[in-house]
Amino acid sequence: MRAPYTDVHTDCPSSPPLRAAFHRPTRVVVDLNSLAHNYQEIVRRAGGSKILAVVKAEAYGHGAVEVSRRLLSLGADMLGVALVEEGYDLREGGITAPILVMGVLFPEQADAVVAADLTPVVFTGSVARAISTAAKKHGKTVPVHVKIDTGMGRIGIPPEDAPALIAELKALGNLKVEGLMTHFADADLCDKRYADLQLVRFETLIKTLLAEGVHVPLRHAANSAAVLDYGQSLLTMARPGLILYGYNPLEKHAAGMDLRPVLSLMTRIAFLKTVPSGTSISYGRTFVTRRQSVIATIPIGYADGYSRALSNKGEAIVRGTRVPLVGRVCMDMCMLDVTEVPGVREGDDVVLIGSQGNERITADDIAAKTGTIAYEVLCGISDRVPRIYS
């Protein structure tokens, strides 16, 4: 997995000189101070629980290595990824902290997991046996977290079957059951009845294990929504994801926390033209000017993760003025109607996510226009867009 390169004009390690020299004007700007602010807000809400910072999917589009470095410097106890490859990217970036691989693993990946000192999540005997074999080969004892399906219906072992699996893990050797985890299906809703049911199932299992003399030190269930609005689920460790990056996943954004969006998506005007009424713009001629208009072309498109669903719906900020996106979003470009922007010029900055003057566009705003969620908007920004850290 190739990580986005880091701009040469930052304090972070620079990219190869030739690539850095391209200076692509379309860029993501990551405010590490806002990330630090959000982390401290989470620590206060977590009430002493350890923090597993979720940095999968390139830290939700923000750049996993640099984000992880900052979070670890702030005191994060563990990092969470979805893929073995993501764990390797962090190791290659110099990250030595514990990394939990929370997604699906296959037996043939066991050797790679052990070689990189990653902590696997297990819920099947076949993967557990493969990890044990690889651990013996490398002369290591590997910590594992057991995934319990309390009602998400995705991956994990049912609570009633977990004691037998944990006993098998202990019998295999070279494995240490360090963690027990589950995942809420709807902790983002105001109605917490199903979350209550899941938590009861999880806590009942913990009590059962304790009665059998099995103590698992790390017990975690609380995702971002639960950290915000379901404090009884914090247990010994919390797993914040989206809230690290400044967005509130709760229904109606209840239980507010002072969160600051970390990411801005920006570009610059590449070309300006004045066109008469009746001029069609972009593929399919879905937009036709109704007046003499000033149209700006900007070098960003759906290959950069700026959704085609924003065609004739999106907005941008130019010189502090909110302007509409007109016509269809192309693979590498799209167009704005900047007729109402005084003094607009080629080279002007364009904000697609972020703030300029008194105007602000968030990933939530884009999600509302495209029928999705902020998670997808942020994760969808492609790795051909450089990340710049400030």
- Message: Assess, by modelled atom type and distance only, whether the side chains of S34 and R260 contain a donor and an acceptor separated by less than 3.5 Å.
- Response: no
- Item | Polar contact flag, side-chain donor to acceptor under 3.5 angstrom, D337-T339 | yes
- Item | side-chain contact (heavy atoms from CB on, under 4.5 Å) between V122 and L105, worked out | CA-CA 8 Å; V122 299; L105 291 174; 5.5 Å; no
- Query: Any side-chain heavy atom of R27 sitting closer than 4.5 Å to one from R268?
  - Reply: yes
- Is the closest side-chain donor-acceptor distance between T150 and T182 under 3.5 Å? yes
- Item | Interatomic spacing from CE in M257 to CG in L250 - rounded to 0.5 Å | 9.0 Å
- Task: Of all the heavy-atom pairs spanning I243 and P249, show the shortest one and how long it is.
- Result: CG2-CD, 3.9 Å
- Item | CD1 on I317 to CD on E359, rounded to 0.5 Å | 5.5 Å
- Distance from L197 atom CG to F184 atom CZ, nearest 0.5 Å? 10.5 Å
- Do Y60 and Y247 have their ring centres less than 6.0 Å from each other? no
- Item | Y230-L228 co-clustered via ILVMFWY side chain contacts under 4.5 Å | no
- Cut-off 3.5 Å, side chains only: do D258 and H37 have a donor facing an acceptor? yes
- Message: Nearest 0.5 angstrom please: Q109 CD to E85 CD, how far?
- Response: 6.5 Å
